Structure formats: structure tokens, C-alpha cells
Amino acid sequence: MVGLFWGKFMLHFKILLLSFFVCSLSLAAETVSQTQSLPKSKIDFSYVSWSEVLKLEDGTTKDQATNQFFGNALTYQYDFSSRQASGFLVETGILFGKANAGGSQAGITYQTSNNPWSGALLAGAYRWNLSPSTYLSLVPTLLYRKVTMQAPNASTTQFKLAPDINQALIIEARALLTPKLSFKYQMGSLVTQANAWWGFGLGYAL
Amino acid sequence: MKTNILASLLMFTFCSIANAYPEFIAYGYTTCMTCHQNGSGNGPLNDYGRALWAGELSSRIVFPKKMTDEQVAATSGFFGSKELPYWIRPHIKYRGLNLRTNPGSGTQDTTKFYQMQAEAGLTTQADVDGKYAAVMTWANMSAPENYGKGDQGFKRMLTKELYLRIEVMQNTWLYAGLMDRVYGLRTADHTSYQRSWQGFNTRTNTQDGIIQSTGVIAHRVEDNWEVALNLFNGNPHDDLAYRQKGASLFSEFTVGEYKRLGASVMSERSDVLKKDMMAIHYRQQAGKGGALLFEYGIVKDTLTGADAKTGSYNLLEGFFPLIRGYNLKASVERYNKEFKASEPDYWKNSVGLFFFPLPRTEMRADLVNTRNFSNQTANEDGWSILGQIHASL
């Protein structure tokens, strides 16, 4: 219980830390001008979440639960296009976090929380320049994740996770806060046995 | 599915109202005083605010190219380009919300239309410079038994604002009467967790009270900072037991070019609820027309006869310009009612269009996802589609 409370406290602490990080970096840097644009390489740190369908079966009854993933992503993005133009980019990185599974199943009850997971992603994207400092990207993504789930109490109950490798289609909006620092917001969906993806974070130009 | 319903309830049962646009730091406007009669935001626009909406924020699609922005702005009066005497400024506002919850879910797929805001009023001022002014607004406030049914209509027009504003010295204003309480960022999102859990309601007889309250506000606005102190005594439309009495303080400082850092505190009491809150916020321009907003707050609620519950919320919003008059708005919100591991974190993500197709008109279309994290359960996501229209004369 203490650990869980500590986890919650740390979440709030991280949110605060993130805000101060934004403020301090923003203050330290010069204001974005109309002529500045997205640098070619950057590192993003973001909070991400998505939801998967967990299939349950105990021999005679079939049911399903929700498997909610939340955690962080650390990614590297490289932009092929010229600085002033729309164009293609690639992104790769690692992800890690926790997952809670459960729900209001009618037939089989299964509830577990804080299952650790980690993974990686590879994405190609097309970016449109909305203005000299705001961008919109369509990001087809290949996501790999490995989660360690607790087994159901009843020995007869089995679960089937969504595939470890999944695809996602994500829309990303990004705004330059300073020439080096950008804010990004993502919303999209995974394709197989899964649901919405969202994320938000900061990018730092290299 | 229970979660979907709960998420919908959380989003809309506690629907609050907030009529200011801190996002417009995107255009270089750092204080609400620039556009609103009430320097803390909300309520009727002043002449400059009307002109700004028409001449800078709105799409120009209905105006010929040869017409300048200044000429467009000159049509922004209550009667268009016909100028009224300086001492009278009428206003009429309407907001309607079409809400579809759980789209595609069969029997849980529901659509409702809400009359969010219907109001009319006028501002009078005793002098050309507006040092002495009075603001009056009458608005539809649904009775508690009708709220959320989507059929409130215009049956209950009550006094929403009635206050005097005096510029007591240069850059210092004193307000007295019935007006919005001062606290935190006032975003244009009427269904935000941020405003909902702060408890700023438009309904009568809720435990948090109505957002408008009788009281006084002292407001000082300098180039690089502003501070507002509000002492309030409850809303006369609430029954005595629900009238929140207390004080709040709002402050904001310029910490860089078009970058503002602020903080707010509020402490209030009624017969049913004791509420204490504090928040920090930050907002900045992200290129011309773009903005980032952040607020983190702590809310402590003590219901009469119950233990205190302390929780927190945060709001993160990105405002991205598409073309003139059309913007993409994305927000992430989180709310946790109590600092306990068993208490879920409610997350709400929304992305959508926020646009001003014509002067005096604002429209929004949002896709909203709600997801709750808890070590007790994991539920399906909730989904909603919102369409909103706001007309302001």
C-alpha cells in the first residue's frame, strides 16, 4: 500500500517536475521567431497510454477484459525534409511502464494491476508545416511491447494477450516552444485487439 | 460500460462555464483586461475585444479581399458598423452543445443537445474612458431538477452579473457586486476537469455553489504582472446553505516574451462544504497563433460531517493554428479525487477543431477519450463527440 501511495506521489511529482522543466528551458531560451523551424534531429520524452483487449477463457466460458498500458517513451526522430518544407521523418525509441487489467466481465473475473512492460517502436511519418512553429504529422507506427502478466487465480482460466507486435496510426501535433524545445501531442489507435493511443511530451533538438 | 457512463457523468454532470481564452497569448494578448469588461475574464467583451475577434481571430471568408482588417473590425459593434453612444454597450450570447456519448456502442450510444448559455445584458459607463462602469447580465440558469436533461430552454432567466467597476487609480480597478470568482486559468472548455473540480458551477444549489458570487475584487494590472484579490459572500440565487463565502487570490507574472507564470489560492466555506484550493499555471506563445497552457492544482474538499479529501488535477493544452480563424486544440487532463492508491486517476484527452468561421461566431468539434487508471479495476475507454456553437452579439 505504501508503495502504491509512493507511486502516486511520484506521478504528481513528475508532473510538477515536467512543468518546471518546460518553464525553465523556455525561460532560458530565446523566443521562437517566424523564421525558425523544426531541427532535423531531436529526442522526445513523453507520457503514453493505450488500451488492449485481453481475452479470457476457462474451458467453457469466454470473456474479455481491458488491459490498460501507461508509461513513458524515449524516442529519437530524424527529419529528412528541408527545414522549411513539409516532408518525411523516421522515429525509433524505447518504452516502459505499467499495465492494469480487469473490468466488468460478465463470465470470468480477472483483475490485476501494475504489471511491468517494456517495448520499442519504429515509425515513419509525414509532417505538414502548419506555420513556422507548428506541425501536424501522420505517424504509422510499428510497436513491440512485452508485458509480464499475473496469472489468474483459477487454474482453469487462461488469458490471451494482444500480439506483442502491433501497428498503430497516430496523429501528432507539435509546437515549438523555443528553437530547441517543442511540445507534442499524439492521438491515434492500435490496430489489432487494441484501442486508443495517446501521448504528450517534450522534444529537444540536437 | 459502467465506466463509460461514469466518465460521461464526470464530464458533464459537473459542467462548468468559463468564457475566457488564455490561449490568446498566442496572439500576444497576455491579460483578460484587453478584451473583457471584467479584467479577470468572463462576461461581455469590450469594444477592443469585439474588434479583435472580427479583425484578427475570425476567418475573413465572407469579406472581400479589398476590405482591410481595420474595416472588418469596424463592423464588430452590437449593430454592426453603426456606432452606439459611449455610455451603452448591449450584449447577447448563446452557446449550445451537441454531445454524443459512446458512439457506435448500440444502446449506450446517446445524443443530447444542451443549452449551455443564453444570456443578454448591457454595460454602461459614466465617462468616455470607462473609469466608472456598470455591467448587467441576465442568463438562463437551469433549475437543479432540469439540469442535464437537455431541455432546459430559456425558462429561468436570472441575474448572472451585476457589478460596478471603478478605476480607482492608474492600472487599479475595484469591482463590487455579483460577478465571477477569481481563480486559475479560465479556459474556453466548458467540460474541463480543471473547471469542474474547482467547483465553478452554473447550476443553483450544488455543494460548490455558483461561480458568480457577490463580493469585491481589487485588481491591479501592470505591464509585466497582475494580481487580483477577491472577497466573496455567495450567490443570492443559491439557498443559504450552499452559498460559498471566502476569499481568493490570483496572480500572474511575465517571465519571458509572451510567457506567463501564475498562481492562485482560494478558501471558501458553506454549510455543506469547506473547500480549499491552490494552483500554479504557465502559458506561453508557441509561434504566432500557437500556445501552450499548463495548470496543476490541489483541491481539498471537506463535506460537513465527513473527512477531508485532498486531490489534484492538471491541465495541459496545445493550441495549434491551421489557417486564419481555424485552430487545432488538443488537451490532456487528469483528476484524482484523493491522494490514495485506490482512488482512480481520471484522464481525459480531447482533440478537435476550434474555429471562428465568422465574426461573432465560434464553433468547436472535439473527439474526447476518457480513461481511468486504478489498481482496483480497469475499464473500457469512454468516447464522446462534441459539437458546439457560440454566437455573441
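The chains referred to below are lettered A, B, ... by the order of the sequence lines, with proteins before strands, and numbering in each begins at 1. All values reported here derive from a predicted model rather than from experimental measurement.
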- request: Give me the ring orientation class for Phe320(B) and Phe183(A): parallel if the planes are under 30° apart, tilted from 30 to 60°, perpendicular past 60°.
  value: parallel
Under a 4.5 Å cut-off applied to non-hydrogen side-chain atoms, are [X] and [Y] in contact?
X	Y	value
Phe373(B)	Ser113(A)	no
Tyr47(A)	Leu316(B)	no
Trp198(A)	Arg371(B)	yes
Leu322(B)	Leu130(A)	yes

message: Let me confirm one number: the NZ-OG1 distance from Lys288(B) to Thr134(A), rounded to the nearest 0.5 Å.
response: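 Between Lys288(B) NZ and Thr134(A) OG1, I get 13.0 Å after rounding to 0.5 Å.
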message: With rounding to the nearest 0.5 angstrom, report the CG to CG distance, Leu292(B) to Leu176(A).
response: 12.0 Å
query: Is chain B contacted by the side chain of Ser49(A), its backbone, both, or neither, given a heavy-atom distance below 4.5 Å?
result: both
statement: Turns out that what part of Leu136(A) lies under 4.5 Å from chain B's heavy atoms comes down to side chain
message: Tell me which of these, Trp128(A), Tyr185(A), Phe70(A), has more heavy-atom pairs under 4.5 Å with chain B than the rest.
response: Tyr185(A)
message: So which residue, Ser131(A), Ala175(A), Ala196(A), ends up with the most heavy-atom pairs under 4.5 Å with chain B?
response: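 Ranked by heavy-atom pairs under 4.5 Å with chain B, first place is Ala196(A).
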- request: Would you mind checking which part of Leu328(B) comes under 4.5 Å of any heavy atom in chain A, side chain (CB onward), backbone (N, CA, C, O), both or neither?
  value: side chain
- prompt: Relative to chain A, which of Gly290(B), Ala291(B), Gly318(B), Pro321(B) shows the most heavy atom pairs under 4.5 Å?
  reply: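 Highest number of pairs under 4.5 Å: Pro321(B).
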- prompt: Taking the side chain from Asn100(A) and the backbone from Ala378(B), do they hold a donor-acceptor pair closer than 3.5 Å?
  reply: no
- prompt: Within the distance-only criterion (no hydrogens, no angle test), does the side chain of Glu380(B) pair as donor or acceptor with the backbone N or O of Thr66(A) below 3.5 angstrom?
  reply: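 No: the side chain of Glu380(B) does not pair with the backbone of Thr66(A).
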message: Please determine whether the number of non-hydrogen atoms from other residues, nucleotides or ligands lying under 6.0 Å from atom CG of Leu367(B) exceeds 12.
response: yes
query: Is Met363(B) atom CE crowded by more than 12 heavy atoms from other residues, nucleotides or ligands, each under 6.0 Å away?
result: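 Yes, enclosed.
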query: What are the two closest heavy atoms between Gln68(A) and Asn379(B), and how far apart are they?
result: NE2-O, 3.1 Å
